[in-house]
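Keep in mind the model is a prediction, meaning the values are calculated, not measured.
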Amino acid sequence: MAYLDNIAVFVRVVELGNLSSAGRDMRLSPAVASNRISELEKHLGVRLFNRTTRQLTPTEHGHVFYTGAKQVLEALSAAEAAVSA
């Protein structure tokens, strides 16, 4: 489940544009959100974000991964809703 949690954090960071906002939204500290992104990058073997002190932008790999990750999370949410209903 940790891998899916890392993916969820990644998607939220892309959508909100920064680690702090994503962390707050998911009730995580920015440090934990950052660690989850780092774990995901290590697992995938690519950088997902270009980081500066003021900006966090997805790399080309990040954009590609975001598209697939978003679909996976939406499918999982739909499957959970289908069983719960």
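- Atom NE2 of H43 sits about 9.5 Å away from atom CG of N6, to the nearest 0.5 Å.
- For L48 against E41, the heavy-atom pair with the smallest separation is N-OE2, 2.8 Å.
- From L56, atom CG reaches atom CD1 of I37 across 8.0 Å, with rounding to the nearest 0.5 Å.
- Here the CZ-OG distance, from R47 to S38, works out to 10.0 Å after rounding to the nearest 0.5 Å.
- Smallest separation of non-hydrogen atoms from L40 and Y3: CD1-CE1, 3.5 Å.
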What donor-acceptor contacts under 3.5 angstrom involve side-chain atoms of residues 7-25, with partners at least two apart or in another chain?
residue: R12; atom: NE; partner: D25; partner atom: OD2; Å: 2.6
residue: R12; atom: NH1; partner: E15; partner atom: OE1; Å: 2.6
residue: R12; atom: NH2; partner: D25; partner atom: OD2; Å: 3.3
residue: E15; atom: OE2; partner: Y66; partner atom: OH; Å: 3.2
residue: E15; atom: OE2; partner: K70; partner atom: NZ; Å: 2.8
residue: N18; atom: OD1; partner: S20; partner atom: N; Å: 3.2
residue: N18; atom: OD1; partner: S21; partner atom: N; Å: 2.6
residue: N18; atom: OD1; partner: S21; partner atom: OG; Å: 3.0
residue: N18; atom: ND2; partner: S21; partner atom: OG; Å: 3.4
residue: S21; atom: OG; partner: R24; partner atom: NH2; Å: 3.4

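- One hydrophobic cluster, built from ILVMFWY side chains closer than 4.5 Å, holds both L4 and F65.
- At least one side-chain heavy atom of R36 sits less than 4.5 Å from a side-chain heavy atom of L28.
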Less than 3.5 Å apart, which donor and acceptor atoms pair up between the side chains of residues 71-85 and the rest of the protein, not counting sequence neighbours?
residue: S84; atom: OG; partner: E80; partner atom: O; Å: 2.9

